[in-house]
Amino acid sequence: MSEVVRVGGGAGYLDDRIEGAVELLERGELDYVMLDYLAERTLAILQEAKQAGGVGFAADLDRRMREILPPAASRGVKIVSNLGGADPAGAAAVVREVADSLDFKDLKIAVVEGDDVADLVRELDPVLVETGEPFSHLGKELISANAYIGAFEMAAAIGAGADVVLAGRAADPALALAPLIHEFGWSRDDLDRLALGTMAGHLIECAGQVTGGQFADGAAREVPDLDRLGFPIAEVGEDAIVITKAPGTGGRVDRHTVLSQLLYELGDPSAYITPDVTPDITAARITEIGSDRVRFEGVRGKPRPETLKVLCGVDNGYLAVSEIVYAGYNAVARARLSAEILRKRLHRDRQISNLPTRMDIVGVDSVYVAGPAMEETRDVRLRVAVRAPDRETAQRATRETEAMGINGPAGGGGKTHSIRHTVRTYACFIDREMITPAWRMVA
Amino acid sequence: MAGTKTAADLRVPLYRLAHARSGDKGDRSNIGLIPYREDDFELLAERVTAADVKRYFGDAVKGEVVRHDLPTLKVFNFVLEAALSGGVNDSLAVDMHGKNRGMILLCMEIDVPADHWAAATES
């Protein structure tokens with residue numbers, strides 16, 4: 001048994017910076033690296049791509065693996081990831097091909113499957129958290145349904161010798177917890193330790209967001225060499241976590257950056273619900289113990305819930321965004337006039353008049369939804385967002401903004417628009433006994 | 001700490017005393033509020049209540065606001081329900097994740113006793 005296991009956070013989302021991951025692997029002296037590729041809606045998007053004849057994982061997975069595998073495999077750093085997305089076996093085949101081509105032929109790859117519960121959702125028709133009604137009442141086709149699964153299957157795969165573990169919708173922090181369960185031999189009843197390992201995962205699951213990302217404020221709060229932001233390392237023992245980062249990289253790790261990430265996406269701090277354990281951090285302690293080194297301890301664990309959270313993805317039409325810019329005297333007044341005219345014109349189109357529509361003046365109050373008034377800006381952008389049921393209607397909704405160049409207030413320019421298909425997710429809870437994730441080694 | 005506002009209080013944006021980070025889960029937004037000085041935890045506990053934050057955000061937050069205190073870490077977690085126009089999957093807003101909600105909260109002005117402010121800016 002090791003005294004401390006070094007787990008790196010090598011990705012915070014599907015397209016995160018590869019340079020940060022490579023530097024982490026080269027300099028971090030890691031035992032494991034976790035790659036969190038899935039945000040809440042990512043799986044629905046991947047499932048849809050797969051159903052449309054594409055792949056159910058990151059489309060550039062082979063390119064990413066070509067850069068990440070060599071520094072990992074040559075140092076014996078094991079990879080634990082949810083990059084399997086909607087098709088762990090398919091992702092494993094890509095990783096296998098890359099490994100073979102780079103002469104890492106002995107690399108053992110395992111997949112964890114069983115998070116896809118679409119059939120179960122169709123059968124059970126569970127009540128959705130957002131609507132309080134059964135799924136079927138949405139009257140929409142189910143694109144995807146995935147349960148957040150825990151760490152124990154991934155830990156078993158590591159125990160069987162896997163160098164790369166590819167899961168689908170594994171809970172983000174479980175990616176760090178899995179190697180810790182394996183290394184320390186933690187059981188399902190070691191609640192405080194499972195909770196500690198889960199918080200280690202929580203702290204590094206967004207990679208650079210704990211080492212100085214999302215922290216610099218352009219004035220007082222400085223982050224050294226943010227352009228070379230170093231990715232994090234959790235040194236986890238049985239009683240405490242030390243968060244640090246790869247030597248020689250940019251960023252900062254101190255009480256403030258670690259607390260910022262600790263609170264990120266948190267609900268009740270006495271009950272951070274995960275599939276494996278429910279950590280309580282209300283008595284936790286944090287200490288700066290050295291340069292870029294912060295110790296976190298005092299985490300307590302409560303039992304895991306008897307249900308698993310499931311996210312169901314459904315079609316949500318096309319999001320059409322169109323924009324036009326105004327500058328100089330009365331820029332804001334001209335943007336407001338433009339919005340008023342657009343409202344009238346869009347209202348006359350019967351297929352658009354009833355669609356969800358929003359107009360914002362970027363540069364004034366599009367994001368600044370509260371707070372004291374500030375000085376008027378000199379150039380602003382009118383942004384029109386419409387959610388349309390089909391692409392053709394979405395396109396028509398953008399045309400009126402385009403037309404404002406000639407048919408609207410003075411100075412309208414810099415017109416641009418985008419149309420993209422969207423999915424939305426609904427949450428429900430399903431009895432964990434009905435969901436059986438399983439791991440297997442792939443050839 | 002002075003419990004009532006006195007003539008000696010200064011009006012100070014929260015930005016000067018704390019930093020913040022916001023995240024989202026569906027239509028729920030959360031804001032972690034972190035005082036720069038641990039000693040300011042008590043002051044902020046008194047002057048930045050859940051009701052203050054609910055009032056500050058007005059129509060932008062349709063649901064309730066709950067403040068969770070973490071006294072050993074000297075930080076707060078505000079949870080804002082029905083706060084993101086439906087959430088990232090359904091919102092038509094510019095910042096659909098509400099990533100800037102924390103920075104917006106830091107624009108809130110609070111009353112700080114002048115002697116406290118002098119001590120805070122010295123350190």
Side-chain angles (χ1 to χ4, degrees), chain A residues 39-41 44 129-130 206 209 214-215 217 219-221 255-270 281-286 296 298 311 313-314 316 319 321 356-360 362 366-372 374 381 383-387 422-427, chain B residues 13-16 19-36 38 53 55-61 66 68-79 83 85-109:
Chain A
E40 281 194 321
R41 58 181 167 160
V129 173
E130 292 82 356
C206 295
Q209 228 176 228
Q214 268 282 5
F215 189 75
D217 78 338
R221 292 203 306 272
R255 181 176 173 273
H256 291 286
T257 64
V258 173
L259 284 172
S260 296
Q261 187 56 24
L262 181 71
L263 296 173
Y264 180 68
E265 290 185 344
L266 196 72
D268 180 352
S270 72
I281 58 166
T282 53
R285 299 180 303 281
I286 190 166
F296 185 71
L311 286 185
V314 298
N316 200 26
L319 177 63
V321 176
T357 300
R358 176 173 166 141
M359 299 201 189
D360 283 294
V362 180
S366 64
V367 178
Y368 190 67
V369 294
M374 298 201 178
R381 183 171 276 275
R383 176 186 185 271
V384 183
V386 178
R387 190 173 298 283
T422 61
V423 294
R424 78 165 290 183
T425 56
Y426 292 89
Chain B
L14 206 43
Y15 170 81
R16 303 292 297 273
H19 61 95
R21 175 168 301 175
S22 33
D24 66 303
K25 286 280 180 209
D27 200 18
R28 169 191 290 172
S29 173
N30 90 296
I31 302 175
L33 183 68
I34 300 157
Y36 283 113
E38 294 188 31
V53 172
R55 198 177 317 117
Y56 178 76
F57 278 108
D59 289 344
V61 176
V66 174
H68 298 280
D69 296 2
L70 292 101
T72 57
L73 299 173
K74 309 286 187 195
V75 297
F76 307 93
N77 185 34
F78 289 91
V79 176
S85 311
V88 58
N89 291 317
D90 202 38
S91 167
L92 296 175
V94 175
D95 180 5
M96 65 277 198
H97 293 90
K99 296 277 185 187
N100 284 283
R101 289 294 167 89
M103 295 307 299
I104 294 167
L105 179 62
L106 295 182
C107 296
M108 182 170 139
E109 293 174 336

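These values consider heavy atoms only, across backbone and side chains, with no hydrogens, waters or symmetry-generated copies. Numbers restart at 1 for each chain; the letters A, B, ... are given by sequence-line order, proteins then strands.
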Winner by heavy-atom pair count (cut-off under 4.5 Å) against chain A, out of Leu105(B), Val75(B), Asn77(B), Leu92(B): Leu92(B)
Based on non-hydrogen pairs under 4.5 Å, which of Ser366(A), Ala44(A), Ala427(A), Gly267(A) is most in contact with chain B? Gly267(A)
At a 4.5 Å cut-off on heavy atoms, which part of Arg387(A) comes close to chain B: side chain, backbone, both, or neither? both
Interface moiety of Val367(A) toward chain B, non-hydrogen atoms closer than 4.5 Å: both
If you tally heavy-atom pairs under 4.5 Å against chain B, which of Leu259(A), Thr282(A), Asp360(A), Asp217(A) wins? Leu259(A)
Of the backbone (N, CA, C, O) and the side chain (C-beta and beyond), which part of Phe215(A) lies under 4.5 Å from a heavy atom of chain B, both, or neither? both
Taking C-beta and beyond as the side chain, do Tyr426(A) and Val129(A) meet within less than 4.5 Å on heavy atoms? no
Taking atom NE2 of His256(A) and atom OH of Tyr36(B), what is their separation to the nearest 0.5 Å? 7.5 Å
When the 4.5 angstrom heavy-atom criterion is applied to Leu262(A) and chain B, the contacting part is side chain
What option among Asn100(B), Asp69(B), Ile31(B), Leu70(B) has the most heavy-atom pairs under 4.5 Å with chain A? Leu70(B)
Counting only non-hydrogen atoms closer than 4.5 Å, does Ser22(B) touch chain A with its backbone (N, CA, C, O), its side chain (CB onward), both, or neither? backbone
For Glu40(A), is it the side chain, the backbone, both, or neither that has a heavy atom closer than 4.5 Å to a heavy atom of chain B? side chain
Tell me which of these, Val88(B), Asp24(B), Asp27(B), has more heavy-atom pairs under 4.5 Å with chain A than the rest. Asp24(B)
Whatever's closer than 4.5 Å to a heavy atom in chain B on Leu319(A) counts as side chain
Max heavy-atom pairs within cutoff under 4.5 Å with chain B, candidates Arg41(A), Arg424(A), Arg285(A), goes to Arg424(A)
Is it true that atom CZ of Arg16(B) has more than 12 heavy atoms of other residues, nucleotides or ligands lying nearer than 6.0 Å? no
Shorter than 4.5 Å, heavy atoms on both sides: which option in Val79(B), Val94(B), Leu106(B) has the most such pairs with chain A? Val94(B)
So for Val386(A), is it side chain, backbone, both, or neither that comes closer than 4.5 Å to the heavy atoms of chain B? backbone
Interatomic spacing from CE in Met96(B) to NZ in Lys99(B) - rounded to 0.5 Å: 10.0 Å
Under a 4.5 Å cutoff for heavy-atom pairs, which residue among Val321(A), Leu266(A), Ile281(A) has the most contacts with chain B? Leu266(A)
For the candidates Tyr15(B), Tyr56(B), Phe76(B), Phe78(B), which exhibits the highest count of non-hydrogen atom pairs separated by less than 4.5 Å from chain A? Tyr56(B)
Proximity breakdown for Glu130(A) and chain B, heavy-atom pairs closer than 4.5 Å: neither
Which one, Thr422(A), Leu311(A), Asp268(A), Val423(A), leads in non-hydrogen pairs under 4.5 Å with chain B? Asp268(A)
Given heavy-atom pairs under 4.5 angstrom as the criterion, report whether the side chain, backbone, both or neither of Ser270(A) touches chain B. neither
Within the side chain of Arg255(A), is there an N or O that forms a donor-acceptor pair under 3.5 Å with the backbone of Leu73(B)? yes
Does the pair Arg101(B)/Asp95(B) count as a salt bridge with the N-to-O cut at 4.0 Å? no
Measuring from atom CZ of Arg21(B) to atom CG of Leu33(B), what distance do you get when rounded to the nearest 0.5 angstrom? 13.0 Å
Might you point out which heavy atoms bring Gly23(B) and Glu265(A) nearest each other, and give the distance in Å? CA-CG, 3.9 Å
What distance do Gln261(A) atom CD and Gln214(A) atom CD have between them, rounded to the nearest 0.5 Å? 9.0 Å
Heavy-atom pairs under 4.5 Å with chain B are the metric here; pick the option from Gly371(A), Gly298(A), Ala370(A), Ala385(A) that has the most. Ala370(A)
Picking from Ala60(B), Ala93(B), Gly58(B), which has the most non-hydrogen pairs under 4.5 angstrom with chain A? Ala93(B)
With rounding to the nearest 0.5 angstrom, report the OG1 to CG distance, Thr425(A) to Asn89(B). 4.0 Å
